[in-house]
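Every chain is numbered from 1, with letters handed out A, B, ... down the list of sequences.
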Amino acid sequence: MNAPLLVTKRMVEHPTDSHTLERYKATGGYAAAKRAVSMTRDELVEAVKSSGLLGRGGAAFSAGLKWSFLAPARPAYLVVNGDESEPGTFKDRQLLERDPHQLIEGVIITAIANEVHHAFIYIRGEYPKPARRVQQAVEEAYRQGYLGQGIFNTDFDLEVIVHLGAGAYICGEETALINSLEGLRGEPRLKPPYFPAAVGLYNKPTIVNNVETLSNLPHILNDGVDAFKALGHEADTGTFLFSVSGHVEKPGNYELPHGLTWRELIFDVAGGIPNGRKLKTWIPGGASAPWFVPPDHLDLPITKDDTAKAGSMLGSGAVVVMNDSTCVVRAAERVVRFFAHESCGQCTPCREGTSWLELILRRIESGQGREVDPDLLLDVSDNISVGLAWPPKMTTICPLGPSAVSPIISIIKYFKDEVMAHIHDGRCPLIA
Amino acid sequence: MSKWPEATEERARAIIAQYPNRRSAVMPLLYLAMSEEGYLTEAGMARVAELVGITPAQVLSVASFYTMYKLEPVGRYLISCCTSISCMLLGSDDVLHALEEEVGVASGEVDSEGLIGLEHAECIGACGGAPAMQVNYELIEGINPEKARQLVEWLRKARPEVVNTDEMQSLFGGRPSFDWAITEDVGAVGPYPAYEPFGTVRSSTE
Amino acid sequence: MTLKITSRTLSRSGINSQVGTETVKVTGDGHEFAAPKGEMLITAAQDNGTYIPRFCWHPRMKPVGMCRMCLVEIETPRGKALITACTNAVADGMAVDTKSDVVKKAQEGVLEFLLINHPLDCPVCDRGGECPLQDHTLAYGPGESRFVEEKRHFEKPIPISKLVFLDRERCILCARCTRFSDEVSGDPLIEFLDRGNYTQVNTFPEEPFSSYFAGNTVQICPVGALTAKPYRFRARPWDLTAIDSTCPHCTAGDHITVQSSQNEILRFLGAESEAVNWGWLSDKCRFGFEYINSPDRVTTPLVRGQDGSMQEASWAEALDLVAARLGEIKQAAKQIAVLGGARGTNEDAYALSKFARVALGTNHVDCQMDDGLDPQFLAATADRALIADLDNAKTILIWGPDLKEEHPTLYLRARHSAQERGARLVIVHPRATGLDDWAAHKVSYRPGSGAEVLTRFRSEGDDLAAAVSDTPLVALVGRTGYGEDGRLAEAVAAFVRSKGGKVLPLARRSNVYGALDMGLAPNLAPGRISPDLFSAWGSWPAGRGKDAGGILDGLSSGDILGLVLVGADPIRDVPNGVLARKALESAKFVVALDQFLTDSSRLAHVVLPVEGFAEKDGTVTNVEGRVQKVNRVTPGPGQSRADWSILDDLAERMGSSIGLASAVAIAKEIEATAPAYAGVTWDLLGSMTEGVVVPLHGDTQPLVFVPADAPGKSPSGDLVLHYARTMFDDGVLLRHSPSLADLAPGAAVFLNPDDLRRLGLTAGGEAVVQTSQGSAQLMVKEDDSLAHGVAYVPFNQPGTPSLGNDPVVTITPLQT
Ligand SMILES: Cc1cc2nc3c(=O)[nH]c(=O)nc-3n(C[C@H](O)[C@H](O)[C@H](O)COP(=O)(O)O)c2cc1C
Ligand code: SF4
Ligand code: FES
């Protein structure tokens, strides 16, 4: 695949110093920010809206539209979501570590577009190296006059604070993240209000965007809206970072346009399944997403809509590939365990339900399963995510709880025999 | 409540001053508290409470929500072995077993010397370099059971003042998620992130 | 008997500030109804007859939507959706289904989830029988649990304070207790700890849940996770009889439910009253009932024998003796005084007032203990505020006692107003108060220099003048401590009135306002009028009566020979305890009507056992002038009798009948003779859950009171004493309530760190504290909220001698 690159271009072309200010400036860095300071809020919002840029944090919501919702009250805040913690996802880490100035430039553009003078970059605590790189870059940007008082010799002030998380996936959920920034437990807030753009940090209007989303902004301003759209595939404009992991020959982050098929991604881009094994199943969009299986889904185009129609999502772009030696009960248990571990604990169905599911799966995996367990798994799931619909109909405040049922529905839908074999044989049928 | 050494207090003041609201400083201050004593003591939390103007119970409520704030000693080197889905697929459970054997404790415990603590972690964002682990949150990707044992042995023998991700990756790592580019010479000095504003970054070559 | 909480009254209180007057149309389960715009579905449905099950939602706190029990289905453009009724407001055209199959399944699911880790120890659980989890499980739950794994375990009940136990296995994590302590009482000492399935409620290690309001969390806990020491394992709910009443402890007149079993009082619960306490109680009020069952109650008349010891006597003997001794003094044209009466009912107070004037012929009558304000001011405060006025106030001036210590439910109300509505609190007090964290302005001043502070409020351009310029303005005024002259409060009230504000005058002892309204003050007749306008009792004794201070002086000097003490313990209760002791020791004859032998009644010649709270019917009047019922729950112990009947009997024996036949009859007489109480009948009160505020008709006070000027001079001397009460002290009722007996903070003298150094004192050391009226040896503590030159000593702590109300004090290190 030799598609044009945007957000990873610099690090591919300049592998040793893409994170430095010198390299950033030498490759056209901060030109977009300089342009942005002389643009009006409306022009900027309009440009981003018409670029079709969708959020890369998982929900794929139009960035420009979100900005246009920002309530008029001031101060308003910008929060960059760098909490990236969903199993399978490691793309923001690369952007933070390898091209921090690109993000900062995105922050500047967003701040100007939204008349925001305080931005927070929230980076998960387990990412100290990315945090160090971003912190250094922020300090450099301050020294250059790109941040601080009167940026780029205008009268626009912009303070940027890098804030470290401390080990809580739920803080990726934007309202939990805001609570965390306020020094509270990272518990998601009630909806409504549906968007922090209405009421967010310190109960003020707040924009929350993902690292990758903002990293695209300099390119949209530099190359133009049309070029950005042209790169993409219909409604999915621009490029998309896929984090491919698991049983593939070449795991890694791949910046690609939408529209390839899963076959192309797994077999061509990521080199296929190693050691002569076969593809068994894959998670198309992060641990929350219902799984796909060959051959049904292999030739589906990778677009937001096609994936949704097939009952799953692209989420934050994490593709986890499993070969035919994988015990699906164990794989499902691992994903469910993650959600149980990361549940904030507010909602009864999520707090109690995810742990219960984990215990049942573990029991089945260890050969203690009962005939009724598959139905029980589904019914408990139903009580967390009503009707087991996709996208979920939630009994909870946030989608974390309902996310935990995706693997369960998937294994019972596609691998019921294997699950039953665990129950009947009292052990995993894949272990000889 | 007793104060921290002046240098730490100074950092605390600087951190508090950054935020529009005092309470927002709780998380960074908890890291400061950890860096003072190696883990979060009651005295440390009480100091945080005092500095941001909330009750110690409120501080504990926040601290206990996040897995990286350790309410008990976790050793000088905290090994976090990822066992989430991508790492599991590539053998992390064997890595964890090897670590348990080599450190001589179960996951979630500290060795008798208080030198090495071991925990299994949920996804640490290194799935492309699975299986992966961290020592004091400094990453090693492409690990395997044998390399993991060697790493423990090395920590025991060399007892590095500073653990540096690039050094460990070159000694014990395998294929990474992506090209790391240049190496850094700084690293972590305890079981909390090495991050300049917390005063927890040290050069490993000095 | 317990009141039903109706959300209509609640939405008026500002809990749900978005609720307006506009209404919207909603379809609920197929029926259309109208609801105020902005009202939450859960209450809107309830008002229209549909109960939606819930655990975490509480009408007096912000919703958290955590338990997910209240899920309902609504129509959306994208099909049906499940939402929580407690966090979603009604909207015009909304179609809600509360009973659909999806809703029922969700409810069953939530209950099953809640029960998987909940122990099945209902038979030994205090909540068994009054447990929403039990009730909801029966009504909405699944038949049985499908959970076969191991339940979550925690250490069984752990004490989290001296009063409260926590069983985390029973906890369903509804966050009611944590929200209460954070949002309502402002002492967030219990919190959620850990995360996800390990989430638990707990305190910080070694930092107990020592909130003055902790008991409320026990009451609102929907399961038996929080239990209170005084009630644990004492009763099963189905054995309890519940009777509504009015709390006997503080002057707010909190609405309570008294629960008893087989004539033993077992529990007080806060009862919902929009006007007064919103269902909340302080721990003193909630747990301060144990004394009622105390074995130390006086149960027979006691007469001092020749040898000085107290002997049991028959009523006839005792009453004859009292009548004879008081009669002798009266015959000799010597003086008799009456002290007390502020803790009983209005009916008892009326009887005492009539007894004093008619049978004893004296005006030396006082129900305050030399620690209050001018009785005419208290009875006739013009532009008197209601407690509920705090809800609408833009500015609240608090210049009086620390509300958290002395008027706990007013503290909660003022706090709510500041915190949730943004009312501006302006606090003037000599040291930190419980509300300081919400104060927009706080003045820490030297007791005695209040006039200077008041001048600032009156000076245009001063920031204090600006601080109180926004109306509606409500002021709570009273004496900040005993070193403060009572006339200052009058001057503050007059200032507030001049700004168009309203005033709540703060005094001490639960029914002090009722007692004053019945004439238990030298210059007041029943019904808030001056004696010259009162003719119902025939002649009124001549001469100016003395107040409590004067009475004690008079007894000490021999001007007054006889004393009738009614539910009063001046030795412990007046600032100058040394004087009180001298007075009692000098008196020729003292009769005490009391429930206990107190430091004072021990010195009496005759002690007559009386019925106390919950042992008699009657009315009481609160700080607003709100008259409410108190009800009999159990008979009094032994031979105890109601005050009025004792007094009637005595009067009879003294040959001056006062003609009182029953509490009901006295109430009728009050209604007929006391102008402010015209129209206030028991029938009327019985039908009103919030009582009535007197005067019933018109807004004029019968009495016009002209306030004094602020006392001009600051006390001389280097140090002044701030001598003030704490919630828990060594009062007689607390002493006999074992659960509360050791909660008093203890004796100490507090000084600003600079003064500490200047006086050569060290924190933790001992000092001798000396006033013109007393001296004490106290531990020294540092308090940087105190202004320079102010020494704070908490009043009536166990084992401390009295220091009096002369604010000039000297403090010297204890020489060892
Ligand atoms: C449980 C949960 C976890 C999430 N984690 C992340 C995350 O780690 N990073 C992220 O950018 N967005 C995450 N999101 C999405 C955010 O809530 C939010 O939609 C996003 O940050 C918005 O940015 P975008 O519009 O630029 O994508 C998460 C959402 C949920 C419900
Ligand atoms: S669904 Fe789970 S993670 Fe989300 S708010 Fe509820 S308890 Fe917390
Ligand atoms: S009552 Fe609505 S979620 Fe608990």
Side-chain angles (χ1 to χ4, degrees), chain A residues 167-171 184-193 337-360 362-363 368 370 372-373 375-377 379-387 389 391-398 400-402 404, chain C residues 55-56 62-71 73 76 78-84 86-89 91 100-103 105-118 142 145-152 172-175 178 182 191-201:
Chain A
Y169 160 69
I170 192 58
C171 290
L184 303 165
R185 294 161 65 82
E187 290 162 348
R189 294 181 179 179
L190 293 170
K191 330 259 168 341
R337 184 190 79 182
F338 171 80
F339 289 111
H341 185 257
E342 301 300 330
S343 164
C344 80
Q346 289 187 93
C347 311
T348 306
C350 174
R351 177 184 69 241
E352 307 292 340
T354 54
S355 310
W356 190 4
L357 292 175
E358 180 194 343
L359 290 174
I360 299 171
R362 200 176 303 156
R363 201 157 41 69
Q368 312 289 308
R370 304 169 305 163
V372 295
D373 283 337
D375 284 344
L376 180 57
L377 282 171
D379 198 55
V380 171
S381 298
D382 196 343
N383 287 339
I384 306 174
S385 177
V386 177
K393 209 169 169 183
M394 318 194 299
T395 60
T396 50
I397 294 172
C398 93
L400 184 143
Chain C
F55 292 111
C56 63
K62 281 185 231 140
V64 282
M66 285 172 55
C67 73
R68 316 305 288 176
M69 190 63 219
C70 67
L71 289 169
E73 252 191 320
T76 78
R78 277 161 281 115
K80 291 198 161 191
L82 276 174
I83 58 164
T84 39
C86 70
T87 65
N88 283 273
S100 68
D101 290 345
V102 170
V103 169
K105 170 120 178 61
Q107 289 172 340
E108 279 185 21
V110 168
L111 279 165
E112 186 182 34
F113 287 140
L114 285 174
L115 289 170
I116 63 175
N117 279 305
H118 190 85
S145 173
R146 298 170 292 176
F147 187 76
V148 297
E149 334 294 328
E150 166 100 1
K151 284 183 193 268
R152 185 168 55 217
I172 59 166
L173 299 168
C174 66
T178 53
D182 187 10
E191 287 283 330
F192 273 13
L193 306 188
D194 297 336
R195 178 174 90 193
N197 199 25
Y198 298 96
T199 310
Q200 53 164 305
V201 165

Verdict with supporting geometry, C:Thr199 and A:Arg185, side chain to side chain contact (heavy atoms under 4.5 Å, CB included): CA-CA 12 Å; C:Thr199 310; A:Arg185 294 161 65 82; 3.9 Å; yes
Before giving the answer on side chain to side chain contact (heavy atoms under 4.5 Å, CB included), spell out for C:Val64 and A:Gln346 the whole-Å C-alpha distance, their side-chain angles and the decisive distance to 0.1 Å. CA-CA 9 Å; C:Val64 282; A:Gln346 289 187 93; 5.6 Å; no
May I have the step-by-step check of side chain to side chain contact (heavy atoms under 4.5 Å, CB included) for A:Glu352 and C:Arg152, ending in yes or no? CA-CA 10 Å; A:Glu352 307 292 340; C:Arg152 185 168 55 217; 3.1 Å; yes
Just do the side chain to side chain contact (heavy atoms under 4.5 Å, CB included) check on C:Asn197 and A:Glu358 with the steps written out, would you? CA-CA 11 Å; C:Asn197 199 25; A:Glu358 180 194 343; over 6 Å; no
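Heavy atoms only, all atoms of each residue included: A:Thr348 and C:Cys67 are closest at OG1-O, 2.9 Å.
Of the residues considered (A:Ala340, A:Gly387, A:Ser343, A:Gly186), A:Ser343 shows the highest number of contacts with chain C, using heavy-atom pairs under 4.5 Å. Note: C:Gly196 leads C:Ala81, C:Cys56, C:Gly196 in heavy-atom pairs under 4.5 Å with chain A. Ranked by heavy-atom pairs under 4.5 Å with chain A, the list C:Glu191, C:Met69, C:Glu150, C:Glu149 is led by C:Glu149.
Between the CD atom in C:Glu112 and the CG atom in A:Asn383 there is a gap of 6.5 Å [rounded to 0.5 Å]. Atom CG in A:Leu359 sits 5.5 Å away from atom CZ in C:Phe147 (nearest 0.5 Å). Rounding to the nearest 0.5 Å gives a distance of 11.5 Å between SG of A:Cys347 and CG of C:Leu173. Within the model, atoms CZ of A:Arg189 and OG1 of C:Thr87 stand 14.5 Å from one another, a figure rounded to the nearest 0.5 Å. Rounded to the nearest 0.5 angstrom, C:Ile83 CD1 and A:Leu190 CG are separated by 12.0 Å.
Only the side chain of C:Leu71 comes within less than 4.5 Å of a heavy atom in chain A; its backbone stays farther off. At a 4.5 Å heavy-atom cutoff, the contact between C:Asp194 and chain A is made by backbone atoms alone. For chain C, the nearby parts of A:Val380 are the backbone and the side chain; heavy atoms of each come within less than 4.5 Å. Of the two parts of C:Val110, the backbone and the side chain both hold a non-hydrogen atom closer than 4.5 Å to a non-hydrogen atom of chain A. Heavy atoms closer than 4.5 Å to chain A are found in the side chain of C:Ile116, but not in its backbone.
Put simply, the side chain of A:Arg363 never gets that close to the backbone of C:Val148: no donor and acceptor are under 3.5 Å apart. In terms of modelled atom types and a separation under 3.5 Å, the side chain of C:Arg68 and the main chain of A:Thr395 share a donor-acceptor contact.
Scanning for side chain to side chain donor-acceptor pair (under 3.5 Å) contacts around A:Glu342 gives C:Arg195, with sequence neighbours left out.
Residue C:Tyr198 qualifies as open at atom OH: its count of foreign heavy atoms under 6.0 Å is 12 or below.
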